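What follows is one structure encoded as structure tokens, with my remarks underneath.
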Amino acid sequence: MAVTLAELARRFQGRVQGNPDLVIKRVASLDSAGPDDIAFLGDRKYIAKLATTAAGAVILAEAEAAHRTGPALIVENPHLCFARVAQLLHPSPAFKPGAHASAVISPSAHVAASAWVGPHSVVEAGAEIMDDVYIGPGCLVGSGASIGTRSRLVGHVVIGDRCVVGEDCLFHPGAIIGSDGFGFARDRERWQKVPQLGRVIVGNDVEVGANTTIDRGALDDTVIGNGVKLDNLIQIAHNVRIGDNTAIAAFVGIAGSARIGQRCTLGGQVGINGHVEIADDVHVTAQSLVTGSIRQAGVYSSSVKAEPADKWRRNAARLHHLDEMARRLARLEEKLQQHSEESEN
Amino acid sequence: MAVTLAELARRFQGRVQGNPDLVIKRVASLDSAGPDDIAFLGDRKYIAKLATTAAGAVILAEAEAAHRTGPALIVENPHLCFARVAQLLHPSPAFKPGAHASAVISPSAHVAASAWVGPHSVVEAGAEIMDDVYIGPGCLVGSGASIGTRSRLVGHVVIGDRCVVGEDCLFHPGAIIGSDGFGFARDRERWQKVPQLGRVIVGNDVEVGANTTIDRGALDDTVIGNGVKLDNLIQIAHNVRIGDNTAIAAFVGIAGSARIGQRCTLGGQVGINGHVEIADDVHVTAQSLVTGSIRQAGVYSSSVKAEPADKWRRNAARLHHLDEMARRLARLEEKLQQHSEESEN
Amino acid sequence: MAVTLAELARRFQGRVQGNPDLVIKRVASLDSAGPDDIAFLGDRKYIAKLATTAAGAVILAEAEAAHRTGPALIVENPHLCFARVAQLLHPSPAFKPGAHASAVISPSAHVAASAWVGPHSVVEAGAEIMDDVYIGPGCLVGSGASIGTRSRLVGHVVIGDRCVVGEDCLFHPGAIIGSDGFGFARDRERWQKVPQLGRVIVGNDVEVGANTTIDRGALDDTVIGNGVKLDNLIQIAHNVRIGDNTAIAAFVGIAGSARIGQRCTLGGQVGINGHVEIADDVHVTAQSLVTGSIRQAGVYSSSVKAEPADKWRRNAARLHHLDEMARRLARLEEKLQQHSEESEN
């Protein structure tokens, strides 16, 4: 695809600086861009690259415009504009509708005429595949599941029985939607399985990363809101509910029945205890553990940063005596108070 | 399936309160249950729901029985009874024996006549699939592996060469049993692979969550005891041994040759160092790190809970000076002691 | 395969103690070895096993040689020698070249005559599979991807479009190379996807564990150096670069654009923040969080080890008041200083 700088400015509410007829074919980084490419300045600290980049054009904010002598597209939010330009110039690959000969599609499944089912994929009884859905190689869509319009399963994705996926979703390889929740009842020494009978309901415009797992609800459903973005290798337990436009990084584990608000962000390796409720607009930093509900928007943390190990070991050893230290500190305060009183007398 | 309340009471050693001929068709939550459903009260704090639920019947303990005016099944352990009722009313879907036309089964594999091998699954040379085993779509059973009676591979499961799975096991999609252990010998700058020649031995009645990985032993075997329950996205390294009826939550990593006792529980994101031994009946809370052996039953922890980030940052900054603080505290104590002695003289 | 002890000594620069004509067929552990097996002593603390093992021969360092009465192979580095002997005696299973009838190979893909493509695997348009490559069952090699000579995809592996894999690599099941990076631009409440257009470039002699994910670069590439060893369930984000011979344990998450040096080791569950740079020869202990660049070789840590939970809870509670404790300590020091000065006056 190829568009002029003027056309990009028109589509994305920008202002052209320099030649409006410049033809742009691709996006690229400031470092690797060539004359047919458009790059963007994401961070002021790279402003010197504006002088050295071979990019045909650069997307910039007004504040940086004066630093660019060559062609530029001046917009309010360069990162957002860059995303949209990249979407325009690099759309998901087109596909022809139909199904590969090796796909196994139940006669009772409904697959839209405009959808594609790839090689070695399986669509089970009663499943519904809507218009323009792309199902890549080696996927499994369970019985009674449904996949909304324009959603895309890259390949090796599992959507379990009866799960419901909205429109415009994107699932990366190894994503497992609708595995059983981890539910057992104690039976003296043993565990009795509690059958997991709920579903996973995924909203519209959701992205699910590679090898991320979302368990079906025990009785009611696990619910992923619209616009939720999940990185790779996340675990979402049964009956969790995630609010719209929340973004979650890799290795986050959300235990059963937790509720996460809208527009939250959870950093990598964060743990959320079961049954916890987290308000809208809460941000949790990497490796923190949320053990109780968070009612207020804001940033929360229990991250501990690494330092040289010999120094850390001394500090960590003291941590295991911190309660005793606190008591000794209180005793000292008391003693000194006594001394002061005595010396005043 | 449909059973009367009387029949449930008979099977599960309960007492009927109200109409014994009430027909129950499904289990459901107190919130969503209808007149054909049976719910249960899992936590006293929801006791008010007994008055409002539309459930046909509710499973209750004797202590709560008086709070329910409608039909009820009174039992000793409502959660356990509910699990059993749910198993009865919602059995795993039946399957017809045989193999899908697209399955690839080695002529030297043995597949029981009562087993099913699903579409695009592969059963390699010498593998043994016992009676009533269900192998869903897209699974791989490696050469010489064996799968015990009634075990169930939901789909997209890998059981590696020579691994042994017991009876009544359940494997969720993306579970990988028998990947190579992470074993290398240093060779100056480089790493030389140590071939991983052991197996994974999985006991009976084991459940393995989605995308969980269990490595084969280096020389001897990795062993998962009977009744062990593994959540999604767990890593169990080579030569680990896990005792019967231990339950492990998501993102737990157990390093090589560690031994975990019976009836343990490991919370989400717990790390267990290599070669560590953990006694029976040990419980480790979420995100804790076990660096040495634990010889005593009990609860262990190094969990740190998140707080507002500005407050946490001040505390965490001090943590990196805790050894110095401890020394200063000790000096103060000494000084004050001197003062006391001086003032006594 | 079977070799004499003399032949092993010749190949691996060792010295035979005892019968040089002893025939060795397998490697085994000291505990389980029999008369046809060779074991090794990896740790002096097991030296007593030299007297009791039934192993035909044992690989030993010179310092331990006197403790072994039976046949032995005396070498400089027993662990390394054992790795090489095991590689010799237990090579990867041979395969016949070609493709299974159920494999789906694009007419525009190039598959070397000496390579194998297993059942239900898919090789897309323009992909290149080099000499002696083994692609096990259920793999996906995306369009334009290439797999170098002698590399091995055990099964259920995904190599995404245009990704490049070097020679002699080993990929375990569920490894996903080339999933999209987690890149979004804020658009008021919503997230706009930034198309991920880079590749993953994997060097030679790389091992990638089960269910590990490596994201493609956003614009430029994600790069995994030669000899890198990745355990199971690791997440490597877009544009990360990992230096040669670095080894990384399970559940490590490396955020976008981080650079890891050569010969580093990262313990299990370590988190590395985005854009961080880590020097060569840096070692990070389990569960630590690296939030800033590390310029110096050495060991780094923020690991906190578990202790009995009642004790830990008291310490952890104080941790949330550590800043206040530090202030109180400083005030005490000040007061005592005043006292001293007053009493001197």
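Bear in mind that the values here come from a model prediction, so they are computed numbers and not experimental data. Below, chain A is the first sequence line, B the second, and so on; all start at residue 1.
- The choice from C:T212, C:T291, C:T285, C:N273 that makes the most heavy-atom pairs within less than 4.5 Å of chain A is C:T291.
- Only the side chain of C:L197 has a heavy atom closer than 4.5 Å to any heavy atom of chain A.
- When all heavy atoms of C:V104 and A:P119 are compared, the pair lying nearest together is CG2-CB, 4.1 Å.
- Closest non-hydrogen pair, C:R314 versus A:R327, comes out as CD-NH2, 4.2 Å.
- Interface remark: of the candidates C:H283, C:R328, C:Q287, C:R328 forms the most heavy-atom pairs closer than 4.5 Å to chain A.
- Listed options A:L336, A:D310, A:D244 were ranked by heavy-atom pairs under 4.5 angstrom with chain C; first place goes to A:L336.
- A side-chain N or O of A:S29 and one of C:D220 form a donor-acceptor pair less than 3.5 Å apart.
- Of the two parts of C:S121, only the backbone, made up of N, CA, C and O, holds a non-hydrogen atom closer than 4.5 Å to a non-hydrogen atom of chain A.
- For the atom pair CG of A:L170 and CG of C:D180, the computed distance is 6.0 Å after rounding to the nearest 0.5 Å.
- Counting heavy-atom pairs under 4.5 Å between each of A:K229, A:R263, A:E207 and chain C puts A:K229 at the top.
- A 4.5 Å side-chain heavy-atom check between A:H321 and C:R318 finds every atom pair outside the cut-off.
- Between A:A316 and C:S303, the shortest heavy-atom contact is CB-O, 4.2 Å.
- Taken from OG in C:S302 to CG in A:N315, the straight-line distance is 11.5 Å, to the nearest 0.5 Å.
- Across all non-hydrogen atoms, the minimal contact from C:E124 to A:P137 is OE2-CG, 3.6 Å.
- Taking each heavy atom of A:Q269 and C:G253 in turn, the nearest pair found is NE2-N, 3.8 Å.
- A donor-acceptor pair is defined here as one N or O able to donate and one able to accept, closer than 3.5 Å; such a pair exists between the side chain of C:W191 and the backbone of A:N245.
- With a 4.5 Å cut-off on non-hydrogen atoms, A:L88 does not touch chain C at all.
- The residue among A:G227, A:P173, A:A250 with the most heavy atom pairs within less than 4.5 Å of chain C is A:P173.
- For C:K311, the part sitting under 4.5 Å from any heavy atom of chain A is the side chain, from C-beta outward, and nothing else.
- For C:I234, the part sitting under 4.5 Å from any heavy atom of chain A is the backbone (N, CA, C, O) and nothing else.
- Heavy atoms closer than 4.5 Å to chain A are found nowhere in C:Q296, neither backbone nor side chain.
- In this structure, the portions of A:E307 lying under 4.5 Å from any heavy atom of chain C include both its backbone and its side chain.
- A:N211 places a side-chain N or O within 3.5 Å of a backbone atom of C:G174 that can act as its donor or acceptor partner.
- In this structure the side chain of C:L140 never reaches within 4.5 angstrom of the side chain of A:H120, judged on heavy atoms.
- Using a 4.5 Å heavy-atom threshold, the side chains of C:Q235 and A:D231 count as touching.
- Side chain to side chain, A:Q87 and C:Q192 meet the donor-acceptor criterion of an N or O pair below 3.5 Å.
- Neither the backbone nor the side chain of A:E76 has a heavy atom closer than 4.5 Å to any heavy atom of chain C.
- Smallest separation of non-hydrogen atoms from C:D215 and A:N232: OD1-ND2, 2.7 Å.
- Of the atoms belonging to C:V299, heavy atoms from both backbone and side chain fall under 4.5 Å from chain A.
- In this structure the side chain of C:V304 reaches within 4.5 angstrom of the side chain of A:W312, judged on heavy atoms.
- Separating the OG atom in A:S32 from the CG atom in C:D221 is a distance of 9.0 Å, to the nearest 0.5 Å.
- Proximity to chain C involves both the backbone and the side chain of A:L319, based on heavy atoms less than 4.5 angstrom apart.
- Note on C:S179, C:P195, C:S288: by heavy-atom pairs under 4.5 Å with chain A, the leading option is C:P195.
- Ion pairing between A:D205 and C:R190 holds under the 4.0 Å rule for side-chain N and carboxylate O.
- Looking only at side-chain heavy atoms (C-beta outward), C:V290 and A:K305 stay at 4.5 Å or farther from each other.
- The shortest distance between side-chain heavy atoms of C:L219 and A:F82 falls below 4.5 Å.
- From C:T213, atom OG1 reaches atom CG of A:L233 across 4.0 Å, with rounding to the nearest 0.5 Å.
- Residue contact with chain A, scored on non-hydrogen atoms closer than 4.5 Å, involves the backbone of C:V270 exclusively.
- Heavy-atom distances place both the backbone and the side chain of A:A330 under 4.5 Å from chain C.
- Both the backbone and the side chain of A:V27 come within less than 4.5 Å of a heavy atom of chain C.
- Ranking A:E333, A:H320, A:H79 against chain C, the residue ahead of the rest is A:H320, based on heavy-atom pairs under 4.5 Å.
- Residues C:M325 and A:L322 meet the side-chain proximity criterion, which asks for heavy atoms closer than 4.5 Å.
- If you take CG on C:L329 and CG on A:L332, they are separated by 8.5 Å, rounding to the nearest 0.5 Å.
- Between C:F251 and A:F251, the angle of the ring planes goes over 60°, which puts this pair in the perpendicular group of the 30/60° scheme.
- With a 4.5 angstrom heavy-atom cutoff, A:H156 touches chain C only via side-chain atoms.
- Contacts between A:R84 and chain C at a heavy-atom distance below 4.5 Å involve the side chain alone, from C-beta outward.
- Proximity to chain C is limited to the backbone of A:A28, based on heavy atoms less than 4.5 angstrom apart.
- Put simply, the side chain of C:R186 does not reach to within 4.5 Å of the side chain of A:L80, judged on heavy atoms.
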